[in-house]
Novice: 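To start, I am sharing the structure in question, which I have written as structure tokens.
In the text below, chain A, chain B and the rest are named by the order of the sequence lines, each starting its count at 1.
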Protein chains: 2
Amino acid sequence: MKIDPNSNADLSVQIAQAIRNAIISGQLIVDERLPSEAELADQFQVSRPTVREALKRLAAQSLIRTQRGASGGAFVNRLSFEDAYSQQITTSTLLLSMNAVAFDTACEARYALERACAPLSAQRRTPDQLATMRAEIFRQSQPGLTDEAFCASDVAFHRALVDGAGNPVLSYQLAGAVEAMQPLMNMITFTARSREEIIALHTEIADGLDEKDAESVDTALCALERYTRKLALDVAERKRSKTQ
Amino acid sequence: MKIDPNSNADLSVQIAQAIRNAIISGQLIVDERLPSEAELADQFQVSRPTVREALKRLAAQSLIRTQRGASGGAFVNRLSFEDAYSQQITTSTLLLSMNAVAFDTACEARYALERACAPLSAQRRTPDQLATMRAEIFRQSQPGLTDEAFCASDVAFHRALVDGAGNPVLSYQLAGAVEAMQPLMNMITFTARSREEIIALHTEIADGLDEKDAESVDTALCALERYTRKLALDVAERKRSKTQ
DNA sequence: AGACTTTTAAATGTCAGACAAATGAAAAAT
DNA sequence: ATTTTTCATTTGTCTGACATTTAAAAGTCT
């Protein structure tokens with residue numbers, strides 16, 4: 001683990017990169033303890049605050065965790081699926097909100113990915129996941145539900161669909177798509193949407209999964225995509241006519 | 001932007017979270033300058049090193065960038081697709097390498113996602129992307145190509161396929177799947193694989209995209225998935241017989 | 001001897017103050 | 001008017017110190 005003395009990048013960046021490389025390459029294994037901050041400072045010939053800034057960078061990416069006290073220190077973290085989920089969601093949310101991604105683009109990506117899960121989910125969904133979906137549909141049909149709660153229930157429904165595939169890697173990849181894009185879509189379309197229509201399609205999806213009928217799930221997802229896009233179009237149309 | 005004086009979390013974590021929230025909620029907009037470190041220290045009633053640790057955490061997530069000098073400071077960063085790609089790839093790589101994900105699970109996820117792109121790519125792929133794929137196939141057929149180079153070319157081929165869908169959100173979501181999993185798969189299967197077989201399937205995919213024939217692309221991808229899984233099985237089998 | 005309590009040492013968390021280096025803007029000189 | 005110089009601001013880094021947490025070692029009592 002060495003840093004390049006000729007590089008003009010910030011020292012804390014270089015040190016973070018050196019440690020990151022050691023972790024990725026397997027020189028540092030999960031749960032292994034890093035040298036103490038003082039030792040690292042000595043090793044890299046920098047001060048402790050500089051080492052600390054480097055460690056905080058790594059901690060922000062869940063690459064390490066720190067523990068205080070005797071026999072404490074920084075340890076290589078086993079990146080859990082949950083940690084990865086939340087990072088994925090944060091990144092996706094910011095990416096969408098900051099880059100003015102066209103609604104159609106986001107919508108297309110989201111449904112393409114979700115449709116990829118559907119056949120697997122039709123095969124493998126557990127009764128528990130089906131029950132979750134039914135419960136969310138029921139919640140969505142309750143009158144007096146706020147828009148926020150409806151959106152959250154919508155997300156939970158689609159999460160259950162994705163988790164139904166029983167593939168944690170797939171669930172992880174899709175966390176960003178579902179959790180970041182659904183609220184975005186709801187925000188745009190909630191003024192125009194018909195909850196009945198959505199609930200009907202959700203029911204169709206749940207029925208399809210119940211009967212392990214991948215085909216009909218796919219059809220319903222396509223219909224939901226079409227409906228969502230049409231809503232966005234209507235909203236845009238209305239906005240245009242209002243400004244004129 | 002306030003922190004909870006009763007919380008016992010590290011101050012730098014709390015401060016980072018407060019600023020992060022301000023960015024996500026839109027209180028701080030892209031390219032806006034944060035107060036200087038000294039002002040933030042004053043505002044949060046902490047020392048400058050503590051503020052700096054918080055800022056480094058945010059910088060590690062590409063949420064801010066810093067600039068030295070007069071009129072320098074920390075600025076809210078527009079999260080670019082490229083930044084998001086590389087974060088996605090790092091996270092995915094670590095997730096796979098640290099969690100002992102079953103080969104079949106990773107393989108299934110990767111091809112499910114890639115197949116989701118295929119129909120869109122068949123519709124929209126540019127001549128340029130087709131040319132890239134042909135070029136990579138040619139490179140793969142060169143004798144004397146190292147395993148690393150073959151793997152890199154493999155990744156480039158699949159990236160071109162994914163980018164062919166012309167949907168940056170989709171490309172972003174799939175960056176992790178392709179770039180993290182392909183090397184993993186190559187590492188496991190390179191001893192047993194036949195480059196000819198893979199090149200033949202790649203050619204089938206390129207041909208299908210050329211003719212905008214989504215069906216045949218899907219068939220070839222499925223065949224590639226089957227072949228990859230069979231390889232892994234063979235390798236595992238061989239390993240077992242060797243230890244006995 | 002064994003169980004409990006106290007002490008201690010090591011490590012991270014935080015603070016204060018200082019200097020270095022970069023950088024843009026204002027002031028001065030040409 | 002243009003170029004050069006100066007200067008203030010801001011981040012990057014260092015030093016040294018103290019606070020807090022924590023596990024292990026030492027001590028104490030039953």
Novice: Side-chain N or O of A:Thr66 versus OP1/OP2 of C:dG13: is the shortest distance under 4.0 Å?
Specialist: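 Result: yes.
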Novice: Does B:Ser47 make a side-chain N or O approach to OP1 or OP2 of C:dC15 shorter than 4.0 Å?
Specialist: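 True: B:Ser47 side-chain N/O within range (under 4.0 Å) of C:dC15 OP1/OP2.
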Novice: Measure CD/B:Gln14 against C1'/C:dG13 and give the value in whole Å, please.
Specialist: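 After rounding, the reported distance stands at 12 Å.
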Novice: Could you check which of C:dG13, D:dG12, C:dC15 has an atom nearest any side-chain atom of B:Asp10?
Specialist: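 Closest nucleotide to the B:Asp10 side chain: C:dG13.
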Novice: Of the nucleotides C:dG13, D:dA23, D:dG12, which one has an atom closest to the side chain of B:Lys56?
Specialist: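 Given the options C:dG13, D:dA23, D:dG12, the side chain of B:Lys56 is closest to D:dG12.
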Novice: For A:Leu40 and C:dA11, what is the distance between atoms CG and P respectively, to the nearest whole Å?
Specialist: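 One finds 11 Å between P of C:dA11 and CG of A:Leu40, rounded.
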Novice: Below 4.0 angstrom, N of the basic side chain to O of the carboxylate: do A:Glu108 and B:Arg124 qualify?
Specialist: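 Salt bridge between A:Glu108 and B:Arg124, a charged N being under 4.0 Å from a carboxylate O: yes.
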Novice: Rounded to the nearest Å, what distance is computed from the CZ atom of residue A:Arg48 to the C1' atom of nucleotide C:dG13?
Specialist: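 About 8 Å, once rounded to whole Å.
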Novice: Taking the basic N atoms (NZ, or NE/NH1/NH2) and the acidic carboxylate oxygens, is any pair closer than 4.0 Å for A:Arg110 and A:Glu225?
Specialist: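 So A:Arg110 does not pair with A:Glu225 through a salt bridge.
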Novice: Considering only NZ, NE, NH1 and NH2 on the basic side and carboxylate oxygens on the acidic side, decide whether B:Lys56 and B:Glu53 come within less than 4.0 Å.
Specialist: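 No, B:Lys56 and B:Glu53 are not salt-bridged.
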Novice: On DNA chain C, compare the nucleotides closest to A:Leu34 and B:Gln67; which residue's is nearer the 5' end?
Specialist: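 Comparing both residues, the 5'-ward one is A:Leu34.
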Novice: Considering non-hydrogen atoms only, spot the tightest contact between B:Phe75 and B:Asp31 and give its length.
Specialist: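 That closest heavy-atom pairing would be CD2-O, 3.6 Å.
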Novice: Write down the distance between CG (B:Leu11) and P (C:dT12), rounded to a whole number of angstrom.
Specialist: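 Value for this atom pair: 17 Å.
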Novice: What is the separation between atom CD on B:Glu39 and atom P on D:dT9, rounded to the nearest whole Å?
Specialist: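 Taking CD of B:Glu39 and P of D:dT9, I get 11 Å after rounding.
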Novice: Side chain of A:Arg52: nearest nucleotide among D:dC14, C:dT14, D:dT11?
Specialist: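 The answer is C:dT14, which lies nearest to the side chain.
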Novice: So that I can tick it off, tell me whether B:Arg68 and A:Asp10 are bridged by a salt bridge, with the cut-off set at under 4.0 angstrom between side-chain N and carboxylate O.
Specialist: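 Result for this pair is no, no salt bridge flagged.
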Novice: Once you round it to whole Å, what is the distance between C1' of D:dA19 and CZ of A:Arg68?
Specialist: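 Those two atoms, CZ and C1', are 8 Å apart.
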Novice: Check every atom of D:dC14, D:dT11, C:dA10 against the side chain of A:Ala70 and return the nucleotide holding the closest atom.
Specialist: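 Closest nucleotide to the A:Ala70 side chain: C:dA10.
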Novice: Checking contacts here: which listed nucleotide (C:dA11, D:dG12, D:dT13) is nearest the side-chain heavy atoms of A:Arg33?
Specialist: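 Selected nucleotide: C:dA11.
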Novice: Between P on C:dG17 and CD on B:Glu37, what's the gap in Å once rounded to a whole number?
Specialist: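 After rounding, the reported distance stands at 17 Å.
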Novice: I want to verify a distance call: between D:dC14, C:dA11, C:dT14, whose nearest atom is closest to the B:Thr50 side chain?
Specialist: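 For B:Thr50, the side-chain atoms sit closest to C:dT14.
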Novice: Find the distance B:Glu53:CD to C:dT12:P and express it as a whole number of Å.
Specialist: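 To the nearest whole Å, that distance equals 12 Å.
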